[in-house]
Amino acid sequence: MPRTITLVYLARLREAFGTGGEKIELPPEVGTVSALTHWLAARGGAWAAELAPGRALRIAVNHDLAGGETPVATGDEIALFPPVTGG
Amino acid sequence: MPRTITLVYLARLREAFGTGGEKIELPPEVGTVSALTHWLAARGGAWAAELAPGRALRIAVNHDLAGGETPVATGDEIALFPPVTGG
Amino acid sequence: MEDFDAGREITALRAGDARVGAVAMFIGTVRDLNDAHAVATLTLEHYPGMTEKALAAIVDEARGRWDISDALVIHRVGELKPMDQIVMVAVTSAHRGEAFTACEFIMDYLKTQAPFWKKEATPDGPRWVEARGTDDQAASRWKGQGALASEPK
Amino acid sequence: MEDFDAGREITALRAGDARVGAVAMFIGTVRDLNDAHAVATLTLEHYPGMTEKALAAIVDEARGRWDISDALVIHRVGELKPMDQIVMVAVTSAHRGEAFTACEFIMDYLKTQAPFWKKEATPDGPRWVEARGTDDQAASRWKGQGALASEPK
């Protein structure tokens, strides 16, 4: 059964990746936020640069801020973005 | 030479004394705020009650808050009032 | 004394100053219940002459302590009713920390240093509002950094 | 996104509630100079869906921590210019201490938790504003009293 999730890219990441998001099929070994960002970084280029360890990155799963151990499941909307700067 | 000062009574003190103020001649022995309030308290009645030791009292000399040791001089405007409650 | 329009006052306070990034504001309003007394009307008395001087001194003190752009205090006197506005303090600054802190400082000092007195009309008759110990405590927070020149010795 | 009238918003927020004695408010505005960069325009991006949820969570958290009557957050998105209003936070309460504290809490958390991003147009080209360490410090002041449910683990 395909495990489809929606990825959302915001602000600087949206510009770096050249898209506001995409739908992807999760590979079987990706079960957490941390595994997902490693898997995306392996695409190389802007992905490797923006998702490198040490780059400030925030992730929301279904509109809630999430940590590296947060599980990723079919149907989730997962957003990647830099630290927020509103207000 | 007469030493005239202006006394101003505000809020509860104005009501207790039945007047918003008066001009008085300072007796020679009254040189400070503390001596002035003792001298006024000696009038008895509402004066003794409102100016009794332990009653919360604030004094301003020429529109600046003053302490007991603040000097009193000819021409001063001296205001007596309860702790403030604005805002 | 006439009511004020907080939005208009703030607009005027920051007009033309593009260095301002933060506006902190406080408005005090008349409650219909105070210390368990129902309040029909609230009468604010002040001490003309000293009031203006005290408010200016409080604002000057805030300017000396924090890097603020501008500050405004409006305080009404006379008879007010529940939900009426009593006082407004607004502070503009480049940054929010200074704006918030200076605004709270001005309110705390106004509550303990500015010559205003409240008299409530209640079902049991008129009642002068008593000063609160919590207001003295709030004002004393600021003492460590130097006291107001106009403070009692 | 349309501008807001702070005075009108506050009037609506406290309308009909005579228990309110204090309104604390903050307005953030666009500065023409930020981190030594001249700013011609500022574009606010957000994350529709999460933005509303994050702002509601921040306000709920403030309601849980302090005895406040009501709270309001307005945050604009899109292109703004120097001196434009960006954000407004207002809190009503019976007493001023709670109003001030809850208002400052909401702003501190909004700055670090709500999904908004600023991009400046400067003479040297566009520039994404970097998050400030001082904002994290400001938000961390509130940690001792229990954390937001939506915080990263």
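Residue numbers start from 1 in every chain, and the chains themselves are labelled A, B, ... in the order their sequence lines are given, proteins ahead of strands. Just so you know, these numbers use all the heavy atoms, side chains as well, and skip hydrogens, waters and symmetry mates.
- Neither the backbone nor the side chain of C/Pro126 comes within less than 4.5 Å of any heavy atom of chain B.
- Around atom CD of C/Glu52, more than 12 heavy atoms belonging to other residues, nucleotides or ligands sit under 6.0 Å away.
- Few gaps surround NE2 on C/His37; more than 12 heavy atoms of other groups in view lie less than 6.0 Å from it.
- Put simply, the side chain of C/Gln113 does not reach to within 4.5 Å of the side chain of B/Arg58, judged on heavy atoms.
- Side chains of B/Thr85 and C/Lys111 form no contact here, defined as non-hydrogen atoms less than 4.5 Å apart.
- Both the backbone and the side chain of C/Lys118 come within contact range of chain B, judged by heavy atoms closer than 4.5 Å.
- At a 4.5 Å heavy-atom cutoff, the contact between B/Glu15 and chain C is made by side-chain atoms alone.
- With contacts defined as side-chain heavy-atom distances shorter than 4.5 Å, the pair C/Lys53/B/Asp64 qualifies.
- Expressed to the nearest 0.5 Å, how far CG of B/Leu13 lies from CH2 of C/Trp117 amounts to 9.0 Å.
- For C/Arg8, the CZ atom sits in a loose shell: 12 or fewer heavy atoms of surrounding residues, nucleotides or ligands are nearer than 6.0 Å.
- Under the 4.5 Å side-chain criterion, counting only non-hydrogen atoms from C-beta, B/Arg14 is in contact with C/Glu45.
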Show me the donor-acceptor pairs, under 3.5 Å and distance only, between side chains in residues 45-53 of chain B and residues at least two apart or in other chains.
unit_1	atom_1	unit_2	atom_2	d
B/Glu50	OE1	B/Arg12	NE	3.2
B/Glu50	OE1	B/Arg12	NH2	2.9

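- Across all non-hydrogen atoms, the minimal contact from B/Val84 to C/Leu110 is CG2-O, 4.4 Å.
- Side chains of C/Trp128 and B/Pro82 form no contact here, defined as non-hydrogen atoms less than 4.5 Å apart.
- Put simply, of B/Ala56, B/Gly87, B/Ala60, B/Pro83, the one with the most heavy-atom pairs under 4.5 Å next to chain C is B/Gly87.
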